[in-house]
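In what follows, a structure is listed as structure tokens, so that the remarks can point back to it.
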Number of protein chains: 2
Amino acid sequence: MTIRGDLELLTRTGHLFSSVREEFVCAARDLDTWSRLGARQAARDLVRDSGTHQIRKLYSSAALAEERSRGHLGELVGRGARVRIAATALPHETIVIDRRFVILAGSDTPGGREYTLSTAPTLVGGVYALFEAAWETATDLEAFLRGERPQLDADSRTVLRALGSGATDETAARDLGMSLRTYRRRVAELLDTLDAGSRFQAGVRAGELGLNG
Amino acid sequence: MTIRGDLELLTRTGHLFSSVREEFVCAARDLDTWSRLGARQAARDLVRDSGTHQIRKLYSSAALAEERSRGHLGELVGRGARVRIAATALPHETIVIDRRFVILAGSDTPGGREYTLSTAPTLVGGVYALFEAAWETATDLEAFLRGERPQLDADSRTVLRALGSGATDETAARDLGMSLRTYRRRVAELLDTLDAGSRFQAGVRAGELGLNG
DNA sequence: GAACCCGTGGCAGCTTGCTGCCATCGGGCA
DNA sequence: TGCCCGATGGCAGCAAGCTGCCACGGGTTC
């Protein structure tokens with residue numbers, strides 16, 4: 001079933017949100033959608049009486065950009081929801097309720113954003129399975145905030161990858177098209193920001209922070 | 001569009017598989033489905049002329065249970081496909097082609113397995129985004145196979161900890177009460193068993209395998 | 001233009017890491 | 001005892017990594 005526009009979404013699916021029995025899972029890029037709908041309050045209510053059901057929310061790191069959003073997420077966690085942060089963009093909002101309904105958000109169009117609501121078990125199951133897989137390996141909000149990765153620039157990331165490849169400085173520098181001296185400067189800077197006393201230690205840190213790809 | 005049974009699936013979607021232009025992604029528990037369809041050969045053909053498009057396959061670790069399957073996966077990789085292993089079960093097979101079609105498999109029913117084929121952009125986009133998230137954090141087949149931790153003896157673990165502490169070889173050797181030469185032998189052995197080409201890489205591996213603390 | 005800052009890269013000298021070679025030591029074994 | 005074997009450690013030489021110094025080029029500022 002296709003739904004066009006936020007208003008229709010609210011009227012058509014509003015009752016679903018208050019009928020959650022066991023589980024409410026949601027994947028999204030950030031918290032904009034619901035704030036735009038003014039549905040933040042509804043979500044809050046949803047969480048409030050969540051004694052009976054489980055709430056899981058998976059966001060991209062973009063959700064942490066604004067201070068306001070961070071506060072809201074913290075509040076959610078405080079009320080019993082589980083929040084995790086995924087490494088990818090999650091451009092399409094996805095909601096699965098009780099493994100019975102799935103709501104997928106499309107892209108913005110002139111006529112308003114398009115949503116798809118479905119109860120087909122195949123569809124719900126497939127989406128749920130993928131959500132599960134993404135959820136399983138995402139990092140907990142708390143851990144993510146604690147881990148506050150020292151955010152490296154693109155340059156450092158390349159160096160990191162080169163280091164991880166096991167190449168010597170010489171070949172790595174050549175591959176990256178920079179001089180040996182500069183490459184080593186980069187490495188030194190990297191060790192510095194990672195607060196590592198040796199390359200080995202830096203490797204461990206890099207691994208911990210999941211800076212590899 | 002709902003499809004009931006494997007036969008119908010083949011006739012209805014066969015042409016899609018040969019029309020892949022850019023990308024073919026697939027998430028599944030294991031390789032049974034396609035072998036059951038005798039479609040293994042078709043998949044092989046698909047990969048063969050994959051010069052133009054990209055193939056990504058995400059499986060649960062169940063796909064590695066059988067020797068035969070492992071061989072098939074290796075073959076896939078050899079032909080240019082990228083294979084990763086997810087931590088979850090992935091009970092529902094999912095295929096996305098060129099970000100235009102999505103095929104979802106349901107559960108077995110008396111009348112045959114049920115499949116859903118859709119081209120709705122919202123749906124395809126949503127599924128694709130979730131796939132992307134799951135993919136991003138899954139581990140590469142190669143890394144997964146290698147990851148069977150090489151179980152180190154107590155000695156190596158001490159060395160590992162010393163390395164992780166960031167100390168130089170000299171101080172580390174002194175602390176461990178062994179000669180510099182021996183310490184370095186240990187380190188060399190360690191790099192060998194970790195299959196690392198540099199200390200940095202060894203650090204990453206050690207982190208991956210959680211051999212710290 | 002002159003003065004300046006900043007990132008880069010070459011050079012040099014030093015430290016650290018790596019490894020082949022050989023001497024040594026201690027433990028089994030005939 | 002004499003022999004073998006594996007582990008150890010010293011040594012030496014080389015490779016790799018580290019860093020201070022200075023020069024060059026491209027911006028910016030005055």
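In this text the structure is predicted, and so the values were computed from the model without any measurement. Just the heavy atoms: all of them, side chains too, but no hydrogens, waters or symmetry mates, feed the values below. Protein chains get the first letters and strands the later ones, always in sequence-line order, with residue 1 at the start of each.
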Charged N to carboxylate O under 4.0 angstrom, A:E189 versus A:R184? no
In residues 176-184 of chain A, which residues come under 4.0 Å of DNA chain D by heavy atom? A:R181, A:R184
With rounding to the nearest 0.5 angstrom, report the OG1 to CG distance, A:T88 to B:L130. 8.5 Å
Min side-chain heavy-atom separation B:V96-B:V124 under 4.5 Å: yes
I'd like the 5' and 3' limits of the part of DNA chain D contacted by chain B, with heavy-atom contacts below 4.0 Å. D:dT8 to D:dC11
Under 6.0 Å from the ring centre and within 45 degrees of the ring axis: does the NZ or CZ of B:R199 meet both conditions for the six-membered ring of A:F200? no
In this structure, how many angstroms lie between the P atom of C:dT19 and the CG atom of B:D169, rounded? 12 Å
With sequence neighbours left out, write down each residue that passes side-chain hydrogen bond (donor to acceptor under 3.5 Å, both in side chains) with B:T139, or none if nothing qualifies. none
Using whole Å, what does the distance between atom C1' of nucleotide C:dT16 and atom CZ of B:F200 come to? 18 Å
Please write out each protein N/O paired with an N/O of nucleotides 23-27 of chain C under 3.5 Å, distance rounded to 0.1 Å.
none

Just the rounded figure in Å: distance from P of C:dG17 to CZ of B:R186. 17 Å
What about A:R185, does its side chain sit under 3.5 Å from the base of C:dG9 through a donor-acceptor pair? yes
Using atom CD of A:Q201 as one end and atom P of C:dT16 as the other, report the distance to the nearest whole Å. 16 Å
Cationic N near anionic O, under 4.0 Å, A:R56 to A:E132: yes
Tell me if a side-chain donor or acceptor on B:R29 pairs with a main-chain N or O of B:L90 at a distance below 3.5 Å. no
Rounded to the nearest 0.5 Å, how far does OG1 of B:T119 lie from CG of B:D98? 13.0 Å
Run the side-chain hydrogen bond (donor to acceptor under 3.5 Å, both in side chains) test against B:R181 and tell me which residues pass, sequence neighbours left out. none
Looking at A:E170, I want to see if its CD is surrounded by more than 12 non-hydrogen atoms of other residues, nucleotides or ligands under 6.0 Å. no
Checking B:R185 now: which residues fulfil side-chain hydrogen bond (donor to acceptor under 3.5 Å, both in side chains) with it, not counting sequence neighbours? none
